[in-house]
There are 2 protein chains.
Amino acid sequence: MDQRHATALKAAGMKATPKRLAILEMLEAEPGYASPEELWKRLKDRFDRLGLPTVYRNLEELSASGVLSKVIHPNRQLYYYFCSNREHHHHFVCLSCRKVEDIPACGIEALEQEVSKRNGGKVLSHILQLNGLCGGCADNGEKR
Amino acid sequence: MDQRHATALKAAGMKATPKRLAILEMLEAEPGYASPEELWKRLKDRFDRLGLPTVYRNLEELSASGVLSKVIHPNRQLYYYFCSNREHHHHFVCLSCRKVEDIPACGIEALEQEVSKRNGGKVLSHILQLNGLCGGCADNGEKR
DNA sequence: CCTCTAAATAGAAATGATTTCGTTTTAGAA
DNA sequence: TTCTAAAACGAAATCATTTCTATTTAGAGG
């Protein structure tokens with residue numbers, strides 16, 4: 001567990017600090033995505049000192065390194081999700097309970113090539129995310 | 001011209017006020033996407049009084065009504081684009097010159113159904129956007 | 001084990017895009 | 001033309017996120 005995360009951090013060229021490991025542990029245990037502040041509130045107890053900016057900074061770095069993934073939320077706040085799927089794929093995120101489900105890569109690579117060929121441009125990244133309500137939430141009609 | 005926009009506003013159940021028409025005109029003339037503040041700065045001259053909140057509010061309402069479309073930008077600021085394509089489609093946005101190119105609908109509808117079927121959830125919306133450099137910008141190596 | 005240095009963190013303060021609020025104005029139906 | 005709900009004003013507030021400088025620490029090298 002710890003060792004896995006430490007290894008992942010090293011592989012990303014980042015020091016395996018206790019706080020980073022704690023962030024990864026907590027997010028991995030999380031059933032869905034979480035906000036920086038939520039994580040901070042829960043992690044504060046485990047450290048005598050832990051700044052909110054540290055959580056922000058690490059989440060961003062970890063997401064940039066591909067260790068975590070970021071959720072694009074309609075309310076434009078930041079949310080992160082621990083995703084161990086190393087294949088190229090996308091996410092279906094529940095706006096109610098925050099569950100995240102993997103979506104296998106679809107035809108996007110082909111689309112990228114198509115765009116490159118037709119317009120001569122270069123696709124640097126793409127965003128594909130399905131928003132909705134997962135099975136449970138759709139039944140209950142819950143909203144968050 | 002004006003009439004088209006007035007009609008579109010009416011169709012969306014919105015009053016055709018001069019400011020809304022001006023926003024639509026300006027965005028239609030724009031070659032790419034623009035931020036609320038940029039639009040406000042340019043529109044201020046045409047009105048003796050025009051508040052920035054008014055521009056924000058209208059852009060949001062117009063985008064919610066589908067008259068405009070919103071760009072998802074890595075810097076998390078708001079940008080809007082005038083898009084007359086009424087078919088379901090997506091966008092390729094240039095991060096450098098802000099040009100927006102249409103992408104015809106790909107297999108996403110099928111993917112939505114697949115997700116619904118497999119997980120029992122309900123897909124409310126999806127985000128698909130390709131980010132990159134358009135032909136011209138890729139050649140020049142420009143960045144903004 | 002120590003030492004040392006670049007990297008990481010603290011925490012208060014700043015930032016700045018976006019939103020809110022109470023008031024005033026206006027589009028457009030009657 | 002009148003009237004009312006919708007729209008706009010604009011100053012002020014919000015608040016998530018970032019910056020900044022001083023302090024601490026992981027971990028490579030001895």
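Each chain gets a letter, A, B and so on, in the order its sequence line appears, and its residues count up from 1. From a predicted model like this one, the values you see are computed outputs, not experimental measurements.
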Query - K19(B) side chain near dA27(C) phosphate (N/O to OP1/OP2, under 4.0 Å) - result: no
Query raised in the report: When the distance from CD of Q77(A) to P of dT18(C) is rounded to whole Å, what number comes out?
Result: 13 Å
Query raised in the report: Whole Å only: how far is the NZ atom of K70(B) from the P atom of dA17(C)?
Result: 17 Å
Query raised in the report: Taking only N and O in the side chain of T17(A), is any of them less than 4.0 Å away from OP1 or OP2 of dT9(C)?
Result: yes
Report task. On DNA chain D, reading 5' to 3', which nucleotide is the first and which the last to sit with an atom under 4.0 Å from a heavy atom of chain B, could you check? Result -> dA5(D) to dT17(D)
Report task. Measure the distance from OH on Y80(B) to P on dA17(C) and round it to the nearest whole Å. Result -> 14 Å
**Report entry** Test log, rule side-chain contact (heavy atoms from CB on, under 4.5 Å), inputs L68(B) and Y81(B)
**Finding:** CA-CA 6 Å; L68(B) 295 180; Y81(B) 172 62; over 6 Å; no
Query raised in the report: Is the backbone of R76(A) close enough, under 3.5 Å, to the side chain of R76(B) for a donor and an acceptor to pair up by distance?
Result: yes
Query - Integer-rounded Å distance: dA29(C) C1' and K10(B) NZ - result: 11 Å
Query raised in the report: Any side-chain N or O of R57(B) under 4.0 Å from OP1/OP2 of dT19(C)?
Result: no
Report task. Measure the distance from CG on L52(A) to C1' on dA13(C) and round it to the nearest whole Å. Result -> 14 Å
**Report entry** Test item: W40(B) side-chain N/O and L50(B) main-chain N/O as donor-acceptor pair under 3.5 Å
**Finding:** yes
Query raised in the report: Among residues 36-50 of chain A, which residues get a heavy atom nearer than 4.0 Å to DNA chain C?
Result: R49(A), L50(A)
Report task. Please lay out, stage by stage, how E60(A) and Y80(A) fare under the test side-chain hydrogen bond (donor to acceptor under 3.5 Å, both in side chains). Result -> CA-CA 9 Å; E60(A) 184 51 36; Y80(A) 295 89; 3.1 Å; yes
Query raised in the report: Given axes from five pairs at either end, by how many degrees does the helix from dC1(C)-dG30(D) to dA30(C)-dT1(D) bend, rounded to 10°?
Result: 40°
Query raised in the report: Do side-chain atoms of R20(A) reach the backbone of N58(A) as a donor and acceptor pair under 3.5 angstrom?
Result: no
Report summary line: N75(B) CG to dT18(C) C1', in whole Å, measures 14 Å
Report summary line: Nearest heavy-atom contact between H5(A) and L21(A) is CB-CD2, 3.7 Å
**Report entry** Under 4.0 angstrom between Y56(B) side-chain N/O and dT18(C) OP1 or OP2
**Finding:** yes
Query - First of V55(A) and P18(B) reached from the 5' end of DNA chain C, by closest nucleotide - result: V55(A)
Query raised in the report: If every non-hydrogen atom of H91(B) is compared with every non-hydrogen atom of C83(B), which pair is closest and at what distance?
Result: NE2-SG, 3.5 Å
Query raised in the report: P18(A) and F47(A): which non-hydrogen atoms are nearest, and at how many Å?
Result: O-CZ, 3.8 Å
Query raised in the report: Roughly how far, to the nearest 0.5 Å, is CG of L59(B) from CG of L27(B)?
Result: 6.5 Å
Query raised in the report: In whole angstroms, how far is the C1' atom of dT26(C) from the CG atom of N58(B)?
Result: 14 Å
Requested in this report: Hey, which sits more toward the 5' end of DNA chain C by its nearest nucleotide, K15(B) or P53(B)?
Outcome: P53(B)
